[in-house]
Engineer: 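Dumping the structure here so I can ask a few things about it.
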Amino acid sequence: MKKVEHIGIAVNNLEVSIPLFEKLLNTTCYKTETVASEGVNTAFFQTGETKIELLEATIAESPITKFLEKKGEGMHHIAFDVEDIEAEMKRLQSEGFVLLNEKPKQGADNKLVCFLHPKGTNGVLIELCQERSSL
Ligand SMILES: CC[C@H](C(=O)O)C(=O)SCCNC(=O)CCNC(=O)[C@H](O)C(C)(C)COP(=O)(O)OP(=O)(O)OC[C@H]1O[C@@H](n2cnc3c(N)ncnc32)[C@H](O)[C@@H]1OP(=O)(O)O
Ligand SMILES: [Co+2]
């Protein structure tokens, strides 16, 4: 794991949360992006070496919908930047971690991603990210 790539925060409404985080972080949102396959709209803020990713649900079946219903707005996941996501997935699986997707899948911000089940990581949803341009 190279570094924390981003911290994901589930929010009810990006229109409300983007200005709030621009005030909080004293920086502007550099990108909003819809990831239809995940049922999310995302908004990114660069904070030094890492980023904040705000996540809003776009459909009832979105993981964010379920999370918000259950826990309300708040920290959703920690994403780590990895050199070789397939090698890292193999390594983690051999270490007994539960992968939530068999193959790397399309993420936001030009990444390939994989998630680990929080049950195997002390209750924290973990995301692996590999920059697509490095493929
Ligand atoms: C990819 C685009 C973007 C990017 O960065 O590029 C994103 O980050 S998209 C983020 C949204 N996508 C995902 O979160 C995909 C991975 N998540 C899942 O597959 C599910 O959300 C899963 C499996 C974590 C939970 O789904 P499930 O249907 O099992 O929901 P439950 O509410 O029944 O949860 C089971 C159990 O897990 C706990 N839980 C759920 N979400 C989280 C979380 N974010 N952090 C910690 N724990 C979580 C939940 O509380 C349940 O525990 P229990 O003790 O039984 O209450
Ligand atoms: Co993420």
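Every number for a ligand or one of its atoms is a count from 1 in the order of the listing. Values below: every heavy atom of this structure, side chains too, minus hydrogens, waters and symmetry copies.
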Engineer: For Gly107, take its heavy atoms, then give the atoms of ligand 1 lying under 4.0 Å from any of them.
Structural biologist: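 That gives atoms 1 (C), 6 (O) of ligand 1.
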Engineer: For Thr42 and Glu33, indicate whether the former's side chain and the latter's backbone hold a donor-acceptor pair under 3.5 Å.
Structural biologist: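 Yes; judged by distance alone, with no hydrogens or angles, the pair exists.
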Engineer: Please work out, at 4.0 Å between heavy atoms, whether the side chain, the backbone, both, or neither of Glu38 comes within that distance of ligand 1.
Structural biologist: side chain
Engineer: From atom 22 (C) of ligand 1, is the closest protein heavy-atom distance below 4.0 Å?
Structural biologist: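 Not a single protein heavy atom is under 4.0 Å away.
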Engineer: Counting heavy atoms only, which of His6, Glu69, Lys70 comes nearest to atom 51 (C) of ligand 1?
Structural biologist: Lys70
Engineer: Short N/O distance, under 3.5 Å, between Ala108 and ligand 1?
Structural biologist: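 It does: an N or O of Ala108 is found under 3.5 Å from an N or O of ligand 1.
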Engineer: Distance below 4.0 Å between atom 29 (O) of ligand 1 and any protein heavy atom?
Structural biologist: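 No, there is none.
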Engineer: Could you tell me which residues satisfy salt bridge (charged side-chain N to carboxylate O under 4.0 Å, His left out) with Glu5, sequence neighbours excluded, listed by chain and number?
Structural biologist: Lys51, Lys111
Engineer: Any non-hydrogen protein atom below 4.0 Å of atom 35 (C) of ligand 1?
Structural biologist: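 No; the ligand atom in question lacks any protein heavy-atom contact below 4.0 Å.
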Engineer: Which one of Gln106, Lys51, His76 has a non-hydrogen atom at the shortest distance from atom 14 (O) of ligand 1?
Structural biologist: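 Comparing heavy atoms across Gln106, Lys51, His76, the nearest one to atom 14 (O) of ligand 1 lies in His76.
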Engineer: Looking at residues at least two apart in the chain, or sitting in another chain, which of them share a ring-ring contact (aromatic ring centres under 6.0 Å, His included) with Phe115?
Structural biologist: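 ring-ring contact (aromatic ring centres under 6.0 Å, His included) list for Phe115, sorted by chain: His77.
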Engineer: Would you check the N or O atoms of Lys119, main chain and side chain alike, for any that come under 3.5 Å of an N or O of ligand 1?
Structural biologist: yes
Engineer: Identify, for atom 20 (C) of ligand 1, the protein heavy atom at the shortest distance, and state residue, atom and that distance.
Structural biologist: Pro63 CB, 4.4 Å
Engineer: Less than 4.0 Å is my threshold; does some heavy atom of Thr42 fall inside it relative to ligand 1?
Structural biologist: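 It does not, in that no heavy atom of Thr42 comes within the 4.0 Å cut-off of ligand 1.
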Engineer: Sort by chain and number the protein N/O/S atoms that are closer than 2.8 Å to the Co ion (ligand 2), and list them.
Structural biologist: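 Counting only protein N, O or S atoms under 2.8 Å from the Co ion (ligand 2), the list reads His6 NE2, Glu53 OE1, His77 NE2, Glu127 OE1.
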Engineer: Just how far is it from atom CZ of Arg132 to atom CD of Gln130, taken to the nearest 0.5 Å?
Structural biologist: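 Output value for this atom pair is 9.5 Å.
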Engineer: Just going by heavy-atom distances, which of His77, Glu61, Lys66 is nearest to atom 33 (O) of ligand 1?
Structural biologist: Lys66
Engineer: Mind checking salt bridge (charged side-chain N to carboxylate O under 4.0 Å, His left out) for Glu127 and listing every partner two or more places apart, or none if nothing turns up?
Structural biologist: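 Expected list: none.
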Engineer: Return the closest protein heavy atom for atom 16 (C) of ligand 1 as residue, atom name and distance.
Structural biologist: Phe115 CG, 3.6 Å
Engineer: Using a plain distance cutoff, I'd like to know if Lys105 has any nitrogen or oxygen under 3.5 Å from a nitrogen or oxygen of ligand 1.
Structural biologist: no
Engineer: Among all the protein's heavy atoms, is there at least one whose distance to atom 40 (C) of ligand 1 comes out below 4.0 Å?
Structural biologist: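 Given the 4.0 Å cut-off, atom 40 (C) of ligand 1 does not count as touching protein heavy atoms.
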Engineer: Yes or no, since that's all I need: does a protein heavy atom fall within a distance strictly under 4.0 Å of atom 26 (O) of ligand 1?
Structural biologist: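 False for atom 26 (O) of ligand 1.
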Engineer: Taking NZ, NE, NH1 and NH2 as the nitrogens, is one of them in Glu69 or Lys66 under 4.0 Å from a carboxylate oxygen of the other?
Structural biologist: no
Engineer: If we count only non-hydrogen protein atoms and require a distance under 4.0 Å, does atom 4 (C) of ligand 1 qualify as touching the protein?
Structural biologist: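 Protein heavy atom within 4.0 Å of atom 4 (C) of ligand 1: present.
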Engineer: Could you list which atoms of ligand 1 come closer than 4.0 Å to a heavy atom of Lys71?
Structural biologist: 50 (O)
Engineer: For ligand 1, find out whether one of its N or O atoms is nearer than 3.5 Å to an N or O atom of Glu53.
Structural biologist: yes
Engineer: Side chain or backbone of Lys111 under 4.0 Å from ligand 1, or both, or neither, by non-hydrogen atoms?
Structural biologist: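 Neither; no heavy atom under 4.0 Å.
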Engineer: Among Leu92, Asn101, Leu100, Val98, find the one that has a side-chain contact (heavy atoms from CB on, under 4.5 Å) with Leu116.
Structural biologist: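 Filter result, single survivor: Leu92.
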